[in-house]
There are 2 protein chains.
Amino acid sequence: MYSQTEENYLKALFNLGNHKGEVNVNELSRELDLKMPTVNSMMKKLAEKGLIHYESYKPVRLSEKGKKEAALIIRKHRLTEMFLVEKMGFGWDEVHNIAEQVEHIQSPEFFAKMDELLGFPKIDPHGSPIPDQSGKMAWPEYIKLSECKAGDTVRFRAVTHSSDEFLKFLNSRELLLGTIIHIQSVEPFDNTFTVSYGNRASAMLSHIAAEKLLTEKVS
Amino acid sequence: MYSQTEENYLKALFNLGNHKGEVNVNELSRELDLKMPTVNSMMKKLAEKGLIHYESYKPVRLSEKGKKEAALIIRKHRLTEMFLVEKMGFGWDEVHNIAEQVEHIQSPEFFAKMDELLGFPKIDPHGSPIPDQSGKMAWPEYIKLSECKAGDTVRFRAVTHSSDEFLKFLNSRELLLGTIIHIQSVEPFDNTFTVSYGNRASAMLSHIAAEKLLTEKVS
DNA sequence: TATAAAAGTTAGAATAATCTAATAATTATA
DNA sequence: TATAATTATTAGATTATTCTAACTTTTATA
Ligand SMILES: [Mn+2]
Ligand SMILES: [Mn+2]
Ligand SMILES: [Mn+2]
Ligand SMILES: [Mn+2]
């Protein structure tokens, strides 16, 4: 199959290519913490293998084959995170780095068993959808908290980035997935949000933080 | 830390060096399915890193440091096998290849959690002892079934080699760890054992098979 | 003990993944 | 649009791991 290295490139391409699916060599090199020439040669190799579309000086795009491969690795990553949280008792802020390694294990049975023990979950502990066995995955139409306005009531559904520090920050504010948040006001100067939720009558969230929270309108 | 490759060499050295602790380049190359010159250069590298004692044309021995590193990888392997069997529902014949990969994961927390969820087990699903966190491990004084004689009654405690085929063979004979075996007779010509156990009044075991079963005398 | 076989080593090459330095193309800016 | 900054590519080197072919040492055998 593909090497661990190649798999990490595919995953990064998938994650960076959100909308148009285009990724610059430069972005990719920042994401993977590798020099541009390193990434450049890997692009040629992945193109050779039919995993990406690549033309000199143009942004790179995953091929259908590449997309599917990437989604299947992301599936293993997210199933692992879910298993670590639900079946092993880890916190949602402790699982990413372990999953980063476990995702490369070659054993369909291993992940099938996780899936089964978890009852075929559809989302991971950070609210991200888990691709199905054919690599298909759909994001519900979530709205960033930062795009909501005073008076709105929303349910916190997912985080856009799941760095340990950010998740620990949310832990410290008792902001869990599923929490219903009322937006009291938005400071026009710096877009700081004043919100209430759970037993917190009034809490402040910077725009930076609010941008990373994906929510769903509550009627 | 050490590369996956280096870890696999250390483990093979540990497993092959049973008694005297000496391992020939040739044995190691067969075990790892690599050519001798490949192993030879790795021996120089491991010696450089202080993991083995190496002199030209002499068998290799793990250093104390190398022994400890190897034992800690074996600890991760065996904890993983135990976890797969006890917590995930795999059969003892399905776990080795998965553990062969999981053993390389770098996350003390991951294995500490397994250990805790398993209640700090002392043996793996094949009856092999699990080294402790400092790398110490002791084999009880088991006796190969092949070394027992007619009339002996023993308890099956461990297998010496845990290839899938052998374990499936034991499954098909309903020979599980813990089974009490009565030796009825031993054919002098080819050392075939005739035994009884569980609800099998009379079963035959070749010398080849009997050599791979470790047992304990029952008074 | 002389020869043959087996085991071990050396030399040199290949592949994967990475880097630095230099160069080229594209994009932004004055 | 000319120049500067950014982005991308090429060339060449490095490290890790493996290989084949040739040679050496040790061990077994006649
Ligand atoms: Mn993750
Ligand atoms: Mn990874
Ligand atoms: Mn095993
Ligand atoms: Mn291994």
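Every chain is numbered from 1 and lettered A, B, ... according to where its sequence line falls, protein lines coming before strand lines.
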Quiz prompt | For DNA chain D, the residues among residues 25-42 of chain B that have a non-hydrogen atom under 4.0 Å from it | solution = B:L34, B:K35, B:P37, B:T38, B:S41, B:M42
Quiz item: How many Å lie between CG on A:N24 and C1' on C:dT27, as a whole number?
Solution: 12 Å
Can you give each donor-acceptor pair under 3.5 Å made by side-chain atoms of residues 110-119 of chain A, sequence neighbours left out, with the distance rounded to 0.1 Å?
residue	atom	partner	partner atom	Å
A:D115	OD2	A:R75	NH2	3.0

Exercise. Report the residues that fulfil side-chain contact (heavy atoms from CB on, under 4.5 Å) with A:H53, sequence neighbours left out, ordered by chain and then residue number.
Key: A:R61, A:S63
Exercise. Using the test side-chain hydrogen bond (donor to acceptor under 3.5 Å, both in side chains), find all partners of A:E216 that sit at least two apart in sequence or belong to another chain.
Key: A:R157
Quiz prompt | Any residue meeting ring pair (Phe, Tyr, Trp, His ring centres under 6.0 Å) with B:H104, in chain and number order, not counting sequence neighbours | solution = none
Exercise. Quick one: which residue pairs count as a ring pair (Phe, Tyr, Trp, His ring centres under 6.0 Å) with a foot in residues 79-98 of chain A, not counting sequence neighbours?
Key: A:H77-A:H96
Please set out all donor-acceptor pairs under 3.5 angstrom arising from side-chain atoms of residues 9-19 of chain A, sequence neighbours excluded.
residue	atom	partner	partner atom	Å
A:K11	NZ	A:E100	OE1	3.4
A:K11	NZ	A:E100	OE2	2.7
A:K11	NZ	A:E103	OE1	3.2
A:K11	NZ	A:E103	OE2	3.2
A:N15	ND2	A:K11	O	3.3

Quiz item: Mind checking what makes side-chain hydrogen bond (donor to acceptor under 3.5 Å, both in side chains) contact with A:Y54, not counting sequence neighbours?
Solution: A:N40
Self-check item: Interface residues of residues 49-60 of chain A with DNA chain D (non-hydrogen, below 4.0 angstrom)
Solution: A:Y54, A:S56, A:Y57
Quiz item: Excluding sequence neighbours, so at least two apart, what forms side-chain hydrogen bond (donor to acceptor under 3.5 Å, both in side chains) with A:E55?
Solution: A:K58
Exercise. Using atom NZ of A:K44 as one end and atom P of C:dT15 as the other, report the distance to the nearest whole Å.
Key: 17 Å
Quiz item: Is it true that A:E64 and A:K67 have a side-chain N and a carboxylate O under 4.0 angstrom from each other?
Solution: yes
Self-check item: By side-chain hydrogen bond (donor to acceptor under 3.5 Å, both in side chains) - contacts of A:D33 (at least two apart)
Solution: none
Self-check item: Strand-adjacent residues in residues 4-20 of chain B, judged by heavy atoms under 4.0 Å from DNA chain D
Solution: B:T5, B:Y9
